[in-house]
Amino acid sequence: MSMAAVETKKITLRTADNHEFEVEEAIAMEFSTIKTFFDENPDASEDTIPLPNVTSKCLSAIIEYCKSHLAFRARETSSSIDEQVRTYDEEFVKARDNESLKELILAANYLNIKALLDMLNQAVADRIKNKSVEYVRRFFGLENDYTPEEEAAIRAENEWAFEGVDPDDD
Amino acid sequence: MSIVTKQREPLRLPIKTEAELDKISNLPGHVIDQILSHLPIRDAVRTSVLSRKWRYKWATIPYLVFDNQCLNVSSQDQTFIKNKLVNIIDHVLLLHSGPLHKFKLSHRDLLGVTDIDRWILCLSRSSIKEFILEIWKGQRYKPPSCLFNCQNLIHLELFNCLLKPPLTFKGFKNLRSLDLQHITIIQNVFEHLISSCPLLERLTLMNFTGVTHLNIDAPNLQFFDIGGIFDDVSFQNTVHLSLVSIGLYVNIDDEDNDAEENSSKLLRFFANLPHIRRLEVQSYFLKYLAIGNVPSRLPNPCVDLNYLSIRIDFDDLEENIAAQCLLRSCPNLQELEMLVSFVYLLT
């Protein structure tokens, strides 16, 4: 039995550091920004799409994520699939440092990939839980613009929230 | 292979300026809001001290969850803990601004009835969509009438409560999911509740007092999970019901199952479940299904049933007959689980 070669349509993406990635259309459509672009410009599919806000490191991780999740979704839902998805997501996040997490969030936000963004936001929340105020300030890149008296007053007002937190470390 | 770049307007997706790119530490506002909403309430409130801009960022998160993690005290004095908890919830609710979509209260030391009444009143003014209340100790708590005014409710979960809506209650028009456990509710109130929530898709009912006949009239119901003590269960208008799990927690006395009861409970049960996909028959429910004249197979086979789990006592003849009827009536079954009860008589 011969099969006519069905070419899965590929879309080329160019990152900020000038790397080109060829991805299957199904994966590119997971990026709502790109999907919307094609919906509005149906003739544009032959061209390379520039992504000036995404590095190749980020894009390659995001493509992996979308590929894996598409594969999970193709299978019948069950509690063991849910478990595998959870494990995959944990592994995806575990080895990355805070800066690289933030980069991924910015990329997922720019490309508008809701599920990935939700997952990354939860991962960030898990990371900053129970951490010291200084740690969280550094994470969000914030300057403390309170006077010491003001800060003390706010801490006193919300005393219950500050009990038993890790002292400034890390 | 060269990629042809046509001479024309370059493709444009939104581009950030150099300055914005440099500040990689600044995440956009809506992303920060999302991160905050994933934090436990203590961590969220602590962000008030990060910088001036952040003083009340936490107060606009539309979710509030108060559970055993929100207090970190080593005291064992329950009254002390309870009072502290009440102060915290009052403080947070007072400072909260903007819509509140989800509110969960589940703390083991929570007892004060008037406090909860007050918070529910506050929620009923803020278009609450998801409300979860778990009373760990003490008597069944009776929510105030204003709970039944919350017409934006999509999910309602109550544990250890007594449900007595006002006579003017006309149902929750937007409710999709209802989870009631360890509750007291009388028969007609229950029936009215179910039939007046037209969008109801999921119903969980565990350990209930006051309802003996479960007549489920719910046109959009897809998921039905119950466990408790009841005399009878039947469905009406339940064309979409696809997942059913039922446990009857009390054994049916063989003497009660007298010769007058000829109409088959099994037939009645399946009468309005044309599209059932998954069925779990737990505790003593198979014995219930065995009541009456069990046919050798159902008149309309369950063609969509692909998963069946039965708890069965193989020494009981009636249960065996009922099980056989079930097995003959699901031609497309893919997965079967049988949990076998043993009764050992030691002499």
Check the surroundings of atom NZ in B/K102: do more than 12 heavy atoms from other residues, nucleotides or ligands lie under 6.0 Å from it? no
Hits for side-chain contact (heavy atoms from CB on, under 4.5 Å) against B/R108, two or more places apart or cross-chain, chain-then-number order -> B/N68, B/W136
Out of B/V92, B/I32, B/I35, return the one with the most heavy atom pairs under 4.5 angstrom to chain A. B/I35
OH (B/Y63) with more than 12 external heavy atoms under 6.0 Å: no
Here the gap from B/R52 atom CZ to A/T147 atom OG1, rounded to the nearest 0.5 Å, amounts to 6.5 Å
Of A/I105, A/D118, A/N109, which is the lone residue that meets side-chain contact (heavy atoms from CB on, under 4.5 Å) with B/Q34? A/D118
Look at atom NZ of A/K35 and say whether more than 12 heavy atoms of other residues, nucleotides or ligands are closer to it than 6.0 Å. no
Can you tell me how far the NZ atom of A/K129 sits from the CZ atom of B/R46, to the nearest 0.5 Å? 11.0 Å
Which is it for B/L50 and A/V136 under the side-chain contact (heavy atoms from CB on, under 4.5 Å) test, yes or no, and what are the steps along the way? CA-CA 8 Å; B/L50 290 178; A/V136 181; 3.7 Å; yes
Examine whether an atom of A/D145 lies under 4.5 Å from a heavy atom of chain B, and if so say whether it belongs to the side chain, the backbone or both; otherwise answer neither. both
Please state whether the side chain, the backbone, both or neither of A/E143 comes within less than 4.5 Å of a heavy atom of chain B. backbone
Using the rule given for salt bridge (Lys or Arg N to Asp or Glu O under 4.0 Å), can you reason through B/R55 versus A/E150, listing the C-alpha separation, both sets of side-chain angles and the distance that settles it, and then say yes or no? CA-CA 11 Å; B/R55 177 113 192 236; A/E150 283 170 338; over 6 Å; no
In Å and rounded to the nearest 0.5 Å, what is the OG to CD1 distance from B/S48 to A/I154? 5.5 Å
Does anything in residues 70-107 of chain B pair up under ring-ring contact (aromatic ring centres under 6.0 Å, His included), and if so which pairs, sequence neighbours excluded? B/F66-B/F103
In terms of heavy-atom pairs under 4.5 Å with chain A, which of B/L71, B/N87, B/I41, B/V49 leads? B/V49
Separation of B/H38 NE2 from A/D126 CG (nearest 0.5 Å): 9.0 Å
Looking at CG of B/D33 and CG of A/N121, how far apart are the two atoms once the value is rounded to the nearest 0.5 Å? 10.0 Å
Using a cut-off of 6.0 Å, state whether more than 12 heavy atoms not belonging to B/K137 lie near its atom NZ. yes
Quick one: CG on B/L39 to CD on A/Q122, what's the gap to the nearest 0.5 Å? 8.5 Å
Tell me, side chain or backbone of A/L120 under 4.5 Å from chain B's heavy atoms, or both, or neither? neither
